[in-house]
Amino acid sequence: SAKDMKHRLGFLLQKSDSCDYSSSQGKKEKISSSQRLSQEEVRKWADSLENLIHHERGLAAFRAFLKSEYSEENIEFWVSCEDYKKTKSPAKLSPKARKIYDEFISVQATKEVNLDSCTREKTSHNVLEPTLSCFDEAQRKIFTLMEKDSYRRFLKSPYYLDLVSPPGAGCGPENCKRNHTHTLDCNSNIISQCA
């Protein structure tokens, strides 16, 4: 249910705020402050899908939203392509390309993405002799599809709205501990204290 997903997302946001207590104090402060989610950062997610998915927490929130709509294959494909483009060893290109193709593009793909036949055919051809750019066109098409469709719905969903506009200052750490469903409603400064 949406309530369960909201709770899980709140847990994820809290969990990423925790830091390694065995490290030095300076390092802890650096990690903690860099992982704190500000309202300004969250508002930037509404500027573009790129801002959203290039932010670790934005990507997590968007992925949770897509999961709630049973359409997470698009963001998983996009992330797989980003990872693929970072492949250093030419020997790893072919097996990685085949794995992405089998998982997202082939006719029997377990998480088939919605591509037109021309892009699908071109990508199939590219995978025969893979390069770092062999999925670029397909990735661009899926990005555009997400941008025009699910991204707009995400911005109107509780997954985003509860992060960008907390209902008021009345949500302190004690309330977060008492009522886990309000975790996302808390001011971002408080989110890190609610773990």
Side-chain angles (χ1 to χ4, degrees), residues 2 5-6 8-9 12-13 15-16 34-35 37-164 184:
M5 291 302 292
K6 188 174 166 183
R8 278 191 219 128
L9 180 60
L12 282 173
L13 290 174
K15 190 172 177 111
S16 62
S34 70
Q35 290 185 342
L37 189 61
S38 74
Q39 290 295 298
E40 186 182 329
E41 286 176 304
V42 174
R43 280 190 207 90
K44 283 182 185 171
W45 298 351
D47 293 342
S48 71
L49 178 57
E50 277 189 10
N51 286 356
L52 173 68
I53 60 182
H54 284 99
H55 189 284
E56 187 182 345
R57 293 229 186 113
L59 179 62
F62 189 53
R63 185 178 263 154
F65 168 73
L66 291 176
K67 224 169 205 158
S68 76
E69 291 198 331
Y70 304 101
S71 62
E72 69 266 27
E73 68 280 349
N74 290 332
I75 195 64
E76 287 181 20
F77 172 68
W78 186 88
V79 169
S80 294
C81 290
E82 287 296 291
D83 179 58
Y84 175 79
K85 286 190 264 187
K86 295 173 189 164
T87 305
K88 300 264 193 277
S89 165
K92 290 183 179 177
L93 284 180
S94 189
K96 272 185 158 185
R98 178 50 58 190
K99 184 177 189 287
I100 291 171
Y101 178 81
D102 290 344
E103 192 172 358
F104 298 104
I105 297 172
S106 80
V107 182
Q108 296 91 14
T110 53
K111 300 174 183 177
E112 187 179 352
V113 291
N114 188 8
L115 291 171
D116 59 89
S117 59
C118 184
T119 307
R120 189 177 303 276
E121 193 174 312
K122 185 177 179 184
T123 306
S124 300
H125 180 74
N126 289 347
V127 170
L128 298 175
E129 292 181 34
T131 64
L132 289 176
S133 61
C134 71
F135 292 107
D136 284 1
E137 189 177 335
Q139 185 184 21
R140 214 173 7 261
K141 297 264 178 154
I142 293 304
F143 180 88
T144 303
L145 183 72
M146 290 189 296
E147 190 174 41
K148 290 180 177 176
D149 186 34
S150 45
Y151 172 61
R152 292 178 182 175
R153 285 197 311 278
F154 169 77
L155 294 177
K156 295 174 185 172
S157 77
Y159 290 87
Y160 178 71
L161 294 176
D162 286 352
L163 287 172
V164 78
L184 291 180

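Partners of Glu40 by salt bridge (charged side-chain N to carboxylate O under 4.0 Å, His left out), not counting sequence neighbours, listed by chain and number: Lys44. Applying the salt bridge (charged side-chain N to carboxylate O under 4.0 Å, His left out) rule to Asp116 yields the partners Lys141; only residues at least two apart in sequence or on another chain are considered. Residues that satisfy the side-chain contact (heavy atoms from CB on, under 4.5 Å) test with Leu145, not counting sequence neighbours, are Asn74, Asn114, Ile142. Residues that satisfy the salt bridge (charged side-chain N to carboxylate O under 4.0 Å, His left out) test with Glu103, not counting sequence neighbours, are Lys99, Lys111. In this structure, Ser117 has no side-chain contact (heavy atoms from CB on, under 4.5 Å) partners at least two apart in sequence or on a different chain. In this structure, Arg152 has no salt bridge (charged side-chain N to carboxylate O under 4.0 Å, His left out) partners at least two apart in sequence or on a different chain.
In this structure, Ser94 and Pro130 approach most closely via the heavy-atom pair CA-CG, 3.6 Å. Across Asn51 and Trp45, no two heavy atoms sit closer than the pair O-CD1, 3.9 Å. When every heavy atom of Thr123 is checked against every heavy atom of Ala138, the shortest pair comes out as OG1-CB, 3.7 Å. Nearest heavy atom pair, residue Ser150 against residue Leu66, reads CB-CD2, 3.5 Å.
Here the straight-line distance linking atom CZ of Phe62 with atom NE2 of His55 works out to 15.5 Å at 0.5 Å rounding. Here the straight-line distance linking atom CG of Asp83 with atom CD1 of Ile100 works out to 7.0 Å at 0.5 Å rounding. How far CD of Gln139 is from OG1 of Thr144: 10.5 Å, rounded to the nearest 0.5 Å. Annotation: the span from Glu73 atom CD to Phe77 atom CZ amounts to 11.0 Å, rounded to 0.5 Å. The line from OG of Ser38 to CZ of Arg43 is 8.0 Å long, rounded to the nearest 0.5 Å. The OG atom of Ser71 sits 7.0 Å away from atom CZ of Phe65, with the distance rounded to the nearest 0.5 Å.
The neighbour count for Glu121 CD, taken as heavy atoms of other residues, nucleotides or ligands under 6.0 Å away, does not exceed 12. In this structure, Lys122 places its NZ atom where only 12 or fewer heavy-atom neighbours from other residues, nucleotides or ligands lie under 6.0 Å away. Other residues, nucleotides and ligands place more than 12 heavy atoms under 6.0 Å from the NZ atom of Lys85.
Counting heavy atoms from C-beta outward, Ser80 and Phe135 have side chains that stay 4.5 Å or more apart. Between Phe154 and Leu49 there is no side-chain heavy-atom pair separated by less than 4.5 Å.
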>> If you apply the rule side chain to side chain contact (heavy atoms under 4.5 Å, CB included), what do you find for Phe104 with Cys81, and how did you get there?
In response: CA-CA 11 Å; Phe104 298 104; Cys81 290; over 6 Å; no

>> Could you go through Tyr101 and Ser124, starting from their C-alpha distance and side-chain angles, then the distance that decides it, and tell me whether this counts as side-chain hydrogen bond (donor to acceptor under 3.5 Å, both in side chains)?
In response: CA-CA 8 Å; Tyr101 178 81; Ser124 300; 3.0 Å; yes

> Stepwise, does the side chain to side chain contact (heavy atoms under 4.5 Å, CB included) test hold for Leu132 with Thr87?
Replying inline: CA-CA 8 Å; Leu132 289 176; Thr87 305; 4.2 Å; yes

>> Could you go through Trp78 and Glu82, starting from their C-alpha distance and side-chain angles, then the distance that decides it, and tell me whether this counts as side chain to side chain contact (heavy atoms under 4.5 Å, CB included)?
In response: CA-CA 6 Å; Trp78 186 88; Glu82 287 296 291; 3.5 Å; yes

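By the 4.0 Å N-to-carboxylate-O rule, Arg57 lies too far from Glu41 to be salt-bridged with it. Ion pair Arg140/Glu137 not flagged as a salt bridge, since none of the NZ, NE, NH1 or NH2 atoms sits closer than 4.0 Å to an Asp/Glu carboxylate oxygen.
Using a distance-only test at 3.5 Å, with no hydrogens or angles considered, a donor-acceptor pair links the side chain of Arg120 to the main chain of Ile105. No donor-acceptor pair closer than 3.5 Å links the side chain of Tyr84 to the backbone N or O of Val79. Looking at Tyr160, its side chain does come within 3.5 Å of a backbone N or O of Val42 through a donor-acceptor pair.
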